[in-house]
Amino acid sequence: MAFHLNKQLKTSAAAMALAAGFILPSATFAAEVTLRSTDGTINVTGDFVDFQDDTYIIRTALGELRIAASSMTCEGASCPSFENITADVAIVGSETIGQGMMPLLMTGFAASLDADAELTNASVGETIATLVSDGGFGDEIGTYLVSATDDSNAFEALLTGDAKIGMSSRRITIDEARALRADGAGSMVSPNQEHIIAVDSMVVVTHASNPVDQMTKEQLEGIFSGEITSWAQVGGPDRPINVIAQEQDSAGYDYFMDFLYGDERPNFRPQGIAADDQVLSNVMFHDRNAIGYLGYAFQRGAKPVTLLNECGIANTPDAFSAKTEEYTLGRRMYLYNRSDNLDDQTQSFIDFAVSNEADAVIGKSGFIDLGILRRSQAAGDARRTALTAEANRYDVGFEGELMDEMLSKMDSFDRLSTTFRFRTGSSKIDERGRLDMQRLVAYLDRAPEGTSLTFVGFTDDVGAFDANQRLAEQRAGAVMDELRDFAGDRLSNIQMATAGFGEIAPSACNVDDRGRAINRRVEVWITAANES
């Protein structure tokens with residue numbers, strides 16, 4: 001029988017019940033509220049008394065407690081109403097971004113202005129950030145209201161004018177963009193209106209003690225449809241599998257179910273329904289038989305599972321594979337704005353959110369920022385090991401020589417996480433490319449004299465092998481030329497070259513559009529020397 005995981009755990013008995021797979025019913029009283037910290041570490045339940053000076057006052061068995069509203073949410077019918085509060089900038093949309101990232105992003109934004117952000121969690125899913133100059137000692141310089149709802153609501157609120165910024169964990173659809181354009185909002189996919197601020201990975205997780213390290217998509221399909229019911233069926237212990245899913249109207253549920261089944265979703269009732277990633281993470285900590293899926297930022301004590309695709313390529317949910325967008329369940333985090341109501345306060349926050357300065361704040365919130373990582377490709381690198389094994393299947397000839405050339409070059413170069421991608425048959429980089437160009441130039445500004453770059457092109461397997469190799473070389477050259485044009489004389493001390501390896505070394509299977517899109521890429525390799 002399915003149960004619903006309630007957010008309110010009032011007693012140790014309730015926590016013990018959750019660990020056993022059940023939740024004790026909780027009584028609800030007229031004045032009762034629960035104050036919950038946004039990081040999930042503190043839950044306090046009591047009777048609401050008052051809200052004064054950004055402080056909640058509640059009556060508990062220990063007496064009256066005064067708790068600062070900063071980083072706390074209030075749940076219950078008696079929570080104070082903030083409906084009459086107005087804000088200079090309203091930000092609406094994705095719960096993942098609104099609750100998981102925005103509080104810290106607002107704090108970092110305030111610090112960049114030498115200001116202080118006073119955060120008040122007005123109600124569940126709503127945060128008011130009041131920015132005060134001079135580190136909190138000066139005048140109020142702006143208020144931002146963040147309403148964490150869902151992705152679709154981001155574009156609805158932009159269309160009605162109820163929001164200046166929309167938050168989304170998916171890209172805007174064609175229909176949504178057309179409706180906004182018809183309303184005078186401008187082109188929602190232009191670089192001035194569509195902003196990638198981070199990437200996130202949907203991670204399949206189990207209890208930390210579970211010995212199962214890898215799973216195939218086919219195995220996950222069996223588990224989340226109820227056909228596979230024991231861990232023994234996937235190489236684990238002879239114990240039942242407790243499937244924990246997210247709410248069916250959540251973006252996380254739609255994203256994961258679409259990955260597994262597309263539109264043909266099974267009629268299966270999981271053993272548990274988690275209200276959000278935070279709750280699901282807590283279940284994973286207690287239930288040794290559980291399996292679920294959540295955002296990268298919420299793994300905590302849960303064990304991530306490496307995914308094996310149809311071609312046997314391992315997808316490890318780490319930051320590097322997320323930044324390169326080669327992890328199977330990766331997704332981009334977006335901010336959107338209209339062009340016809342953009343004011344200075346809105347633009348100022350967006351500029352900060354996409355800047356290098358925001359990377360540390362985004363990383364601290366548990367998400368994956370767009371900053372550049374560097375990884376060795378020498379012996380011991382997992383990709384090199386897999387490619388060396390793959391090289392044995394090539395006969396002596398053009399393909400074999402090309403593979404040997406690539407493996408030899410990997411000895412001299414590390415790989416940067418910056419990766420440029422293309423649409424089918426095109427040499428034009430996608431919507432993330434220009435942002436990556438800016439960051440790459442800033443990164444190379446700090447590189448020591450004598451640094452060498454090689455832009456390394458790859459393709460999908462559509463077409464002849466030798467034609468794909470030439471196309472890969474052309475795309476690598478196009479990226480190198482665009483970087484030089486973008487940088488001007490800033491990178492005159494950097495030596496640049498190109499290489500093209502066509503369809504060898506795929507990062508994904510070439511069996512569908514998504515896999516082929518991942519494989520159409522130009523990687524950036526840098527000399528494998530210690531930077532000064």
Side-chain angles (χ1 to χ4, degrees), residues 35-39 41-42 50-57 65-74 79-93 97-123 125-148 162-167 192 195 197-198 333 335 337-338 341-367 369-371 438-439 442 445-446:
L35 302 182
R36 181 193 305 279
S37 63
T38 53
D39 63 5
T41 59
I42 301 173
D50 202 357
F51 182 83
Q52 300 176 357
D53 301 324
D54 290 329
T55 300
Y56 291 105
I57 305 174
L65 298 180
R66 302 176 66 89
I67 302 175
S70 176
S71 299
M72 300 293 291
T73 59
C74 183
C79 289
S81 173
F82 295 86
E83 293 181 356
N84 295 326
I85 289 183
T86 60
D88 299 311
V89 179
I91 306 174
V92 178
I97 301 173
Q99 291 190 349
M101 190 189 306
M102 275 295 170
L104 280 175
L105 203 56
M106 280 294 170
T107 301
F109 173 52
S112 73
L113 302 175
D114 191 28
D116 180 65
E118 297 177 354
L119 301 181
T120 300
N121 292 100
S123 60
E126 284 199 332
T127 301
I128 298 170
T130 303
L131 273 58
V132 182
S133 64
D134 294 333
F137 292 94
D139 297 326
E140 181 179 308
I141 58 176
T143 55
Y144 294 76
L145 174 61
V146 180
S147 299
D162 292 332
K164 293 287 186 67
I165 298 174
M167 308 174 288
N192 294 324
H195 315 277
I197 58 171
M333 304 282 106
L335 296 183
N337 62 271
R338 298 176 63 114
N341 67 356
L342 186 64
D343 54 38
D344 290 343
Q345 286 183 311
T346 303
Q347 185 67 65
S348 180
F349 175 73
I350 290 174
D351 289 344
F352 171 77
V354 300
S355 70
N356 294 343
E357 193 175 359
D359 287 345
V361 178
I362 292 170
K364 187 177 180 181
S365 67
F367 291 85
D369 62 70
L370 301 182
Q438 296 173 14
R439 288 175 176 269
D445 269 341
R446 304 188 300 271

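Heads up: numbering here begins at 1 and tracks the sequence. For clarity, every value in this text was computed on a predicted model and none was experimentally measured.
Across all non-hydrogen atoms, the minimal contact from Ser112 to Glu357 is CB-OE2, 3.4 Å. The two residues Ala163 and Val92 make their nearest non-hydrogen contact at CB-CG2, 3.7 Å. Looking at every heavy atom in both residues, Ile197 comes nearest to Ile97 through CD1-CG2, 4.5 Å. Here the shortest heavy-atom pairing between Pro103 and Leu119 reads O-CD1, 3.6 Å. Across all non-hydrogen atoms, the minimal contact from Ser147 to Glu126 is OG-OE2, 3.3 Å. Heavy-atom minimum distance, Ala148 versus Gln99: CB-CG, 3.7 Å.
The structure places CD of Gln345 at 10.5 Å from CD1 of Ile165, a figure rounded to the nearest 0.5 Å. How far CG of Asp50 is from CD1 of Ile57: 5.0 Å, rounded to the nearest 0.5 Å. With rounding to the nearest 0.5 Å, the separation of CG in Asn337 from CG in Asn192 is 8.0 Å.
In terms of the side-chain hydrogen bond (donor to acceptor under 3.5 Å, both in side chains) criterion, residue partners of Asp369 (sequence neighbours excluded) are, by chain and number, Lys323. Every residue two or more places apart in sequence or in another chain that forms a side chain to side chain contact (heavy atoms under 4.5 Å, CB included) with Leu104 is listed here: Val361, Lys364, Ser365. Qualifying ring pair (Phe, Tyr, Trp, His ring centres under 6.0 Å) partners for Phe109, counting only residues two or more places apart in sequence or in other chains: Tyr144, Phe349, Phe352. In this view, Asp134 satisfies the salt bridge (charged side-chain N to carboxylate O under 4.0 Å, His left out) rule with no residue, not counting sequence neighbours. Residues satisfying the side chain to side chain contact (heavy atoms under 4.5 Å, CB included) criterion with Thr143, sequence neighbours excluded, are Ala87, Asp88, Thr130, Glu140. Asp351 meets the side chain to side chain contact (heavy atoms under 4.5 Å, CB included) test with Gln347; sequence neighbours excluded. Applying the side-chain hydrogen bond (donor to acceptor under 3.5 Å, both in side chains) test to Thr346 and every residue at least two apart in sequence or in another chain returns Asp343. The side chain to side chain contact (heavy atoms under 4.5 Å, CB included) check on Ala115 picks up Ala110, Leu113, Ile141, with sequence neighbours excluded. Looking at residues two or more places apart in sequence or on another chain, you find a salt bridge (charged side-chain N to carboxylate O under 4.0 Å, His left out) between Asp359 and Arg439. Residues meeting the side-chain hydrogen bond (donor to acceptor under 3.5 Å, both in side chains) test with Asp445, sequence neighbours left out: Arg490.
A heavy-atom distance below 4.5 Å is found between the side chains of Leu105 and Ile362. Side chains of Met167 and Met102 form a contact here, defined as non-hydrogen atoms less than 4.5 Å apart. Under the 4.5 Å side-chain criterion, counting only non-hydrogen atoms from C-beta, Thr127 is not in contact with Met106. Within the 4.5 Å cutoff, the side chain of Asn341 has heavy atoms near those of the Lys164 side chain.
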- Derivation of the side chain to side chain contact (heavy atoms under 4.5 Å, CB included) call for Ile128 and Glu118: CA-CA 8 Å; Ile128 298 170; Glu118 297 177 354; over 6 Å; no
